[in-house]
K.L.:
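Sending over a structure as structure tokens; questions will come in a sec.
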Amino acid sequence: MSRTVTVAAAQLGPIQKSEGREVAVGRMLRLLERAHQRGAEVVVFPELALTTFFPRWYTENLDDADHWYEQSLPSPATQPLFDAIRRYGLTIYLGYAEIAHEADEQGVVRKRRFNTSVIIAPNGEVILKYRKVHLPGHAEFATHRKVQHLEKRYFEVGNLGFPVVRAPVGRAGLDVNLGMLICNDRRWPEAWRVLGLQQVELVLLGYNTPAVNQDNRGFEAHHLRVLHSQLAIQSGCYQNACFGVAVAKAGKEDGFELFGHSIIVNPQGEIIAMATTWDDELIVADCNLDMCELGRTTIFNFEKHRRPEAYGRIVEQVGSSAPPVWKPSKS
Ligand code: ING
């Protein structure tokens, strides 16, 4: 009996700054219903799925941004999602902005802000929580930019590592090794490898990615935005012998474009389903987890082939360092 799980990428179109959570939740409920009708057992929503991508807007006092965050999950606004997954027996990935009152590394309990995702079981229990480690952009208003990308202002670096857990999903209760990434994380092979070293089988990730480069310090052809995103996800899946479900929040939010192209990728790095709009769109694929075995037992048999003693720089260095200069020893 193959270990096949049916997964859905529930891509969301734009959420305008003026639109409250109930607008997003209403659209998410329709996607959950369609996912159920199409036999999905796991449904993946985007990063920051409940609100507009607010890190594009500068706020001087962070407390004035609290309304973008969830202080509890569920809340009255998100409870309908929990009711729906219980009704349909669905396991979901939800990306959201989290405010938590908890101790920091110095033991001081304070108000902390994270870019978070959770995997939620049909009964509403949180199976796994992850907080985004790779925060792109900047913390202060950047005058050179066409659009701000203030994730380093609105969020702390995630403090939960890259966890993987084996949990039952779907009506048959198939046990699956689940892991998560959020958006920019997908561009860092180290993140995928930490998941791969825990035998992850299904990496769930949401993203909000501008369709054009906003840094304004050099031209980047627009088609490269999608190429780089898919390259990163396909490589991550291939090199760690796992499936990936990567889900966009897409479309024009207050005039600023995010690209769609949500994809589901198999352990051979092949795209097996792709969204073709920049709006609410559901793509579904059967993922036979037995496909992870080939890579894991041959080319990416980590135990047999990895040489950590040669990888020191990867954890010892943060930035890159200039190489030694070679000079000919004879004229
Ligand atoms: N967004 C973008 C991402 O990594 C980005 C930021 C875009 C960084 C393109 C580099 C290049 O997909 C988020 N939210 O991380």
Side-chain angles (χ1 to χ4, degrees), residues 9 11-15 17 24 44-59 65 68-69 93-98 113-117 130-140 142 144-158 162 180-192 195 203-237 244-254 256-263 265 274-275 278 319-320:
Q11 175 177 291
L12 284 174
I15 300 174
K17 188 178 182 188
V44 183
F45 286 115
E47 168 190 32
L48 298 177
L50 298 168
T51 65
T52 194
F53 185 72
F54 64 88
R56 69 166 69 91
W57 304 109
Y58 179 80
T59 308
W68 296 121
Y69 296 77
Y93 165 111
L94 178 68
Y96 65 97
E98 175 193 13
R113 302 164 189 274
F114 297 100
N115 188 338
T116 298
S117 63
Y130 168 67
R131 289 165 168 168
K132 188 174 183 179
V133 168
H134 297 95
L135 298 172
H138 45 99
E140 300 307 324
H144 73 277
R145 289 183 67 97
K146 286 181 278 191
V147 186
Q148 303 301 304
H149 195 118
L150 292 153
E151 290 196 56
K152 292 185 193 304
R153 184 178 191 80
Y154 286 110
F155 306 118
E156 289 185 51
V157 171
F162 296 101
M180 290 183 276
L181 295 174
I182 300 176
C183 204
N184 195 258
D185 291 320
R186 72 191 187 282
R187 301 178 192 277
W188 301 94
E190 300 92 329
W192 287 92
L195 295 174
V203 175
L204 312 180
L205 75 95
Y207 62 87
N208 287 212
T209 305
V212 293
N213 187 311
Q214 300 166 333
D215 201 282
N216 220 11
R217 283 185 289 201
F219 177 71
E220 178 190 284
H222 298 175
H223 74 282
L224 293 176
R225 310 292 285 185
V226 176
L227 171 70
H228 292 160
S229 179
Q230 295 186 345
L231 206 54
I233 299 158
Q234 289 177 264
S235 304
C237 290
V245 187
V247 188
K249 171 123 73 54
K252 196 173 278 194
E253 292 190 336
D254 298 287
F256 302 104
E257 292 179 348
L258 300 167
F259 70 72
H261 281 78
S262 302
I263 51 175
V265 177
M274 181 165 75
W278 283 12
S320 62

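Counting starts at 1 for both ligands and their atoms, in listed order. This chain uses plain numbering: 1 for the first residue, then up along the sequence.
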K.L.:
Near N184, which atoms of ligand 1 are under 4.0 Å from a heavy atom of that residue?
P.N.:
3 (C), 4 (O), 8 (C), 15 (O)

K.L.:
F53 heavy atoms, cut-off 4.0 Å: which ligand 1 atoms fall inside?
P.N.:
14 (N)

K.L.:
Within 45° of the ring axis of F256 and under 6.0 Å from its six-membered ring centre, is that where the NZ or CZ of R56 lies?
P.N.:
no

K.L.:
For atom 13 (C) of ligand 1, what is the closest protein heavy atom, and at what distance to 0.1 Å?
P.N.:
C183 SG, 2.9 Å

K.L.:
Quick one, L205 and D185 - any side-chain contact, counting heavy atoms below 4.5 Å?
P.N.:
no

K.L.:
Which residue and non-hydrogen atom of the protein lie closest to atom 6 (C) of ligand 1, and at what distance in Å?
P.N.:
H149 CE1, 3.7 Å

K.L.:
Please answer whether the main-chain N or O of E47 pairs with a side-chain N or O of N208 as donor and acceptor at a distance below 3.5 Å.
P.N.:
yes

K.L.:
Relative to ligand 1, is N208 under 4.0 angstrom through side chain, backbone, both or neither, heavy atoms considered?
P.N.:
backbone

K.L.:
Which ligand 1 atoms are under 4.0 Å away from a heavy-atom of T209?
P.N.:
2 (C), 3 (C), 7 (C), 12 (O)

K.L.:
Quick one: is the NZ or CZ of R113 closer than 6.0 Å to the six-membered ring centre of Y154, and within 45° of its axis?
P.N.:
no

K.L.:
Look up atom NE2 in H223 and atom NE2 in H228, then write down how far apart they are to the nearest 0.5 Å.
P.N.:
7.5 Å

K.L.:
Looking only at protein heavy atoms, identify the closest one to atom 10 (C) of ligand 1 and say how far it is in Å.
P.N.:
R187 NE, 3.9 Å

K.L.:
To check your reading of the model: name the closest protein heavy atom to atom 9 (C) of ligand 1, its residue, and the distance in Å.
P.N.:
R225 NH2, 3.3 Å

K.L.:
What part of E151, side chain from CB on, backbone N/CA/C/O, both or neither, has a heavy atom under 4.0 Å from ligand 1?
P.N.:
side chain

K.L.:
Could you go through E140 and H138, starting from their C-alpha distance and side-chain angles, then the distance that decides it, and tell me whether this counts as side-chain hydrogen bond (donor to acceptor under 3.5 Å, both in side chains)?
P.N.:
CA-CA 6 Å; E140 300 307 324; H138 45 99; over 6 Å; no

K.L.:
Mark up the atoms of ligand 1 that fall under 4.0 Å of a heavy atom belonging to P136, in ascending order.
P.N.:
6 (C), 13 (C), 15 (O)

K.L.:
Does the ring centre of Y93 sit less than 6.0 Å away from the ring centre of F45?
P.N.:
no

K.L.:
Examine the proximity of ligand 1 to K132 and report which part, side chain or backbone, both or neither, has a heavy atom under 4.0 Å away.
P.N.:
side chain

K.L.:
Considering only heavy atoms, does Y207 approach ligand 1 within less than 4.0 Å through its side chain, its backbone, both, or neither?
P.N.:
neither

K.L.:
Heavy-atom contacts with E47 under 4.0 Å: which atoms of ligand 1 show up? List them by number with element.
P.N.:
14 (N)

K.L.:
Under 4.0 Å from a heavy atom of R186: give me the atoms of ligand 1 that qualify, with their elements.
P.N.:
3 (C), 12 (O)

K.L.:
Consider side-chain contact (heavy atoms from CB on, under 4.5 Å). Of Y69, Y96, Y130, F155, which one does T116 pass it with?
P.N.:
Y96

K.L.:
Under the 6.0 Å and 45° cation-pi test, does K17 pair with W57?
P.N.:
yes

